[in-house]
Structures are given as C-alpha cells and as structure tokens.
Amino acid sequence: MGTVHVIEHPLVQHKLTMMRRKDASTNSFRRLANEISALMTYEVLRDISMQEIDVETPLEFTTGKVIDGKKLVFVSILRAGTGILDGMLTIVPGARVGHIGLYRDPKTLGAVEYYFKMPGDLQERDVVVIDPMLATGNSAVAAVERLKECGPKSIKFVCLLTCPEGVAALHKAHPDVPIYTAAVDRQLDEHGYILPGIGDAGDRLFGTK
C-alpha cells in the first residue's frame, strides 16, 4: 500500500480553510494557492538529496550542503497545476518544469492527454507531480503512467486536497508513488467533485466557469 503524507502544519491548515470559503475572490484564492504550495514544498522536499560544496564566508573557507535544483522537476498537470507551480518555484527556483495536458471526459470521467513536454534526461531527475485536486484519480494515474515511460529516478504526487477514492485509485495503480496533501476529505459526489472540498480549483484560480 502506498503512503499518504498529510501536512498538518497550522499555516497550511489555516490557508486551506480560507480557500474553502465560497466567497473567496479569485485574487484571494490564487494568492492562497501560491502561499500554501510554497509552505507544502518544505515537507515534500524534506528528504531531497544534497551535496557538499566549498564556500568562503567573510571569515574563512568552509563546506556547506546544497540541493541540486537542476535535478528536480516539477510536473504541472494542466491547467490547474499551474496555480500551485509558482509557489513551489519560489522555494526552488532552479527546478526544471514539465507540463502534462489532461482533460476529464465528462461522460467517463477518464483522463485524455493532449500535451506532454518534459525536460531532457528525466532518468537522472526526481519528479514532483502537482495538481490541486486528487479526486477520481484518473488524471493522476494517467500522468504518472506517462511519466514512468521516461524512467525518472523517483516520483511524488502533491495536491492540496484529496479523498479516499482518489488515494485508493492512485495507490492501486502506482503504490510506489507517495502522496503529499493538506487534507483527505470525506468523499466524491456523483459528478466527481470532492466533498466538502474547495470547488473546481481551476475555475476558482482563473476566474472561469
């Protein structure tokens, strides 16, 4: 069975609650998404590999540890993933970025791919897949399946919100991929939306319907 990391830091939980509010404006929702994703990045990358380098302080030479941002790839599932990408890039500005375009078939709720663009040499890179919602899990399963064809060193999945159905679907298909989220909500409704949820993250981020 796969692993689910629920990030319960008070600041993360506070911002998620603010995002849940029906009357949150597009501007407010977008700003909160940026802030919460930056905060979550600390936990998501807690075990990222490091290397020692020589550094000169104002007083002497020493060594220090750094991450290799160039070996890290944030993969945004379009379009909603874009809403949390910037927050993560503020923490790791050296990370590469990939995009997967998927849309949900309204009848089958299955994922249909229309775009796929990744940095080169993915075999040498750690991948963090990002999407605000892990609902039915169909998009996440399809995205990870596609990425595995490129053979990255590791894959993690990050979302603001998920539910038991989404967790089960991703872990059934990819038990080796850990999930990082701010909350596991109660359930899906008949239309594939998370309850109580935050609504349609893409529409709320971009002011569309």
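Side chains are part of it too, since the values below use all heavy atoms of this structure and drop only hydrogens, waters and symmetry mates. Everything quoted here is computed from the prediction, not taken from an experiment.
- A heavy-atom distance below 4.5 Å is not found between the side chains of M133 and C159.
- Partner I198 forms a side chain to side chain contact (heavy atoms under 4.5 Å, CB included) with one of L161, T17, L32 and no other, that one being L161.
- Residues M18 and L39 are members of one and the same hydrophobic cluster, defined by side-chain heavy-atom contacts under 4.5 angstrom among Ile, Leu, Val, Met, Phe, Trp and Tyr.
- Counting heavy atoms of neighbouring residues, nucleotides and ligands inside a 6.0 Å radius, atom CZ of F61 does not exceed 12 of them.
- Looking only at side-chain heavy atoms (C-beta outward), L188 and L195 stay at 4.5 Å or farther from each other.
- Nearest heavy-atom pair, K148 versus V177, reported as atom, atom and distance to 0.1 Å: CE-CG2, 4.4 Å.
- Other residues, nucleotides and ligands contribute only 12 or fewer heavy atoms inside 6.0 Å of the NZ atom of K172.
- Surrounding CZ of R21 are at most 12 heavy atoms belonging to other residues, nucleotides or ligands under 6.0 Å away.
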_Between D121 and E124, does the side-chain contact (heavy atoms from CB on, under 4.5 Å) criterion hold? Intermediate values first, please._
CA-CA 6 Å; D121 303 323; E124 301 175 9; 4.3 Å; yes

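- Because its NZ or CZ atom is both nearer than 6.0 Å to the ring centre of F116 and within 45° of the ring axis, R146 counts as a cation-pi partner of that residue.
- Looking at heavy atoms from C-beta onward, I130 lies out of side-chain contact with I77 at the 4.5 angstrom threshold.
- A distance-only check finds no donor-acceptor pair linking the side chain of H191 to the backbone of Y193 [under 3.5 Å].
- Between K153 and Q123, every side-chain heavy-atom pair lies at or beyond the 4.5 Å cut-off.
- Within the 4.5 Å cutoff, no side-chain heavy atoms of R96 are placed close to those of K71.
- Residues I67 and V127 do not share a hydrophobic cluster, clusters being chains of Ile/Leu/Val/Met/Phe/Trp/Tyr side chains in contact below 4.5 Å.
- Among D126, D47, T3, the single residue meeting the side chain to side chain donor-acceptor pair (under 3.5 Å) criterion with K156 is D47.
- For the pair K15 and E35, the salt-bridge criterion is met [side-chain N within less than 4.0 Å of a carboxylate O].
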